[in-house]
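Note that these values count all heavy atoms, side chains included, but never hydrogens, waters or copies made by symmetry.
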Amino acid sequence: MRTRRKITTALAAGALAAGLFTGGVASADTSPSAFRDQAVAAGLTAKEATALQNGVDTILARDGGRQTAANEIRYTNGRLLLPLPGEKYAHELGKSGDTSAAAHTCTPGALCGYSGSEYTGAEREWFSCAFHTKPSGWTSGGSWYNNQTPGRVGNWYDANRRWLGSTPPAPYGTKYGQWRGVGYVKPC
């Protein structure tokens, strides 16, 4: 039994070091340098990895959250994925982004906003039925996809929480939206 535990522990440690249990993070270290290393391991140059980390650091300082991957910030109500340098579409590391056509990557059950038109740029996913601030850097343009339970609508509010409008029932999206004037999102 003791030998089996040592082997299991050694295998788990090896898998962790290989990034198998941490979504590609090369170690349990969640420091910015570990995420830069993760980005380099995913094929980014050191300069691109540093630029990506600088962008993540700016968003963390402005909007809060917790970095969980080189291009991902988690919140209690969802996540933000950033496109990798040189790419138009956000996607999880280890999964290729579809650059051949504008297609949403919104997780089932979420209401998703994109900083750019045609589902490009950063992707913000909201899950809980509450008021959530939109990313502070999103001041114009954009797109969104309502991938919640079929029939559910998402709602947009201004900075004073006055209702601006609703999405059509899920599943539904628009490749051309407008973040100007939106202060809050409520996915229900």
Side-chain angles (χ1 to χ4, degrees), residues 22-25 30 32 35 38-39 52-84 87-95 97-98 102-188:
T22 60
V25 176
T30 57
F35 291 122
Q38 178 191 29
L52 177 61
Q53 186 60 49
N54 290 341
V56 168
D57 291 342
T58 299
I59 293 167
L60 289 169
R62 188 177 59 210
D63 295 337
R66 180 176 54 91
Q67 186 174 7
T68 53
N71 68 329
E72 179 181 74
I73 298 171
R74 287 274 175 178
Y75 303 92
T76 57
N77 60 29
R79 70 176 178 170
L80 178 77
L81 279 175
L82 298 172
L84 299 178
E87 295 185 2
K88 290 172 52 173
Y89 300 94
H91 60 86
E92 293 177 13
L93 287 181
K95 294 182 181 179
D98 179 7
H104 77 85
T105 55
C106 188
T107 301
L111 174 62
C112 296
Y114 299 84
S115 61
S117 62
E118 299 184 17
Y119 313 122
T120 61
E123 173 191 77
R124 178 63 162 94
E125 298 181 347
W126 295 280
F127 291 101
S128 63
C129 183
F131 283 96
H132 307 289
T133 57
K134 71 161 172 69
S136 59
W138 296 11
T139 56
S140 66
S143 49
W144 55 265
Y145 196 87
N146 182 3
N147 207 19
Q148 299 180 90
T149 305
R152 193 171 213 179
V153 299
N155 293 282
W156 314 119
Y157 296 84
D158 70 10
N160 296 310
R161 294 190 181 185
R162 287 186 299 245
W163 181 77
L164 297 172
S166 298
T167 70
Y172 186 87
T174 182
K175 294 180 181 182
Y176 303 98
Q178 182 56 259
W179 291 110
R180 185 179 7 260
V182 175
Y184 294 91
V185 174
K186 189 175 182 185
C188 60

TODO: For Ser117 and Tyr176, indicate whether the former's side chain and the latter's backbone hold a donor-acceptor pair under 3.5 Å.
DONE: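 Answer holds: no.
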Task: Under 3.5 Å donor-acceptor, Asn147 side chain and Cys106 backbone - done: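 Yes; judged by distance alone, with no hydrogens or angles, the pair exists.
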Beyond-backbone contact of [X] with [Y], side-chain heavy atoms, under 4.5 angstrom:
X	Y	value
Leu81	His91	no
Leu52	Asn71	yes
Asn77	Phe127	no

Taking side-chain hydrogen bond (donor to acceptor under 3.5 Å, both in side chains) as the definition, give me every residue that meets it alongside [X], ordered by chain and number, with sequence neighbours left out.
X	answer
Thr105	Glu123
Asn146	Gln148, Thr167
Thr107	Glu125
Arg66	none

Taking all non-hydrogen atoms of both residues, which atom of [X] and which atom of [Y] are closest, and how far apart?
X	Y	value
Cys112	Trp126	C-CZ3, 4.1 Å
Tyr119	Ser143	N-OG, 2.9 Å
Gly121	Ala90	O-CB, 3.6 Å
Leu80	Tyr75	CB-CE1, 3.9 Å

Tell me, please, which residues at least two apart from [X] pass side chain to side chain contact (heavy atoms under 4.5 Å, CB included).
X	result
Ala159	none
Pro168	Trp144, Tyr172
Thr139	none

First locate atom [atom1] of [X], then atom [atom2] of [Y], and finally report the distance between them rounded to the nearest 0.5 Å.
X	Y	atom1	atom2	value
Leu84	Glu87	CG	CD	4.5 Å
Leu82	Gln53	CG	CD	10.0 Å
Arg124	Asp63	CZ	CG	8.5 Å

Side chains of residues 177-188: which donor-acceptor pairs under 3.5 Å do they make with residues two or more places apart or in other chains?
from   : atom 1 : to     : atom 2 : distance (Å)
Gln178 : OE1    : Gly141 : N      : 3.0
Gln178 : OE1    : Arg180 : N      : 3.1
Trp179 : NE1    : Tyr114 : O      : 3.0

Suppose we screen for salt bridge (Lys or Arg N to Asp or Glu O under 4.0 Å). Which residues come up paired with [X], at least two apart in sequence or across chains?
X	value
Arg152	none
Glu72	Arg74, Arg79
Asp158	Arg162

TODO: Go through the steps for Phe131 and Tyr157 under the test ring pair (Phe, Tyr, Trp, His ring centres under 6.0 Å), then give the verdict.
DONE: CA-CA 9 Å; Phe131 283 96; Tyr157 296 84; 4.8 Å; yes
Task: Qualifying salt bridge (charged side-chain N to carboxylate O under 4.0 Å, His left out) pairs with a residue from residues 139-149, counting only residues at least two apart or across chains - done: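 Salt bridge (charged side-chain N to carboxylate O under 4.0 Å, His left out) check on residues 139-149 returns no pairs.
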Task: Between Ser166 and Asn155: side-chain donor-acceptor atoms closer than 3.5 Å - done: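 There is such a pair (donor and acceptor under 3.5 Å, judged by atom type) between the side chains of Ser166 and Asn155.
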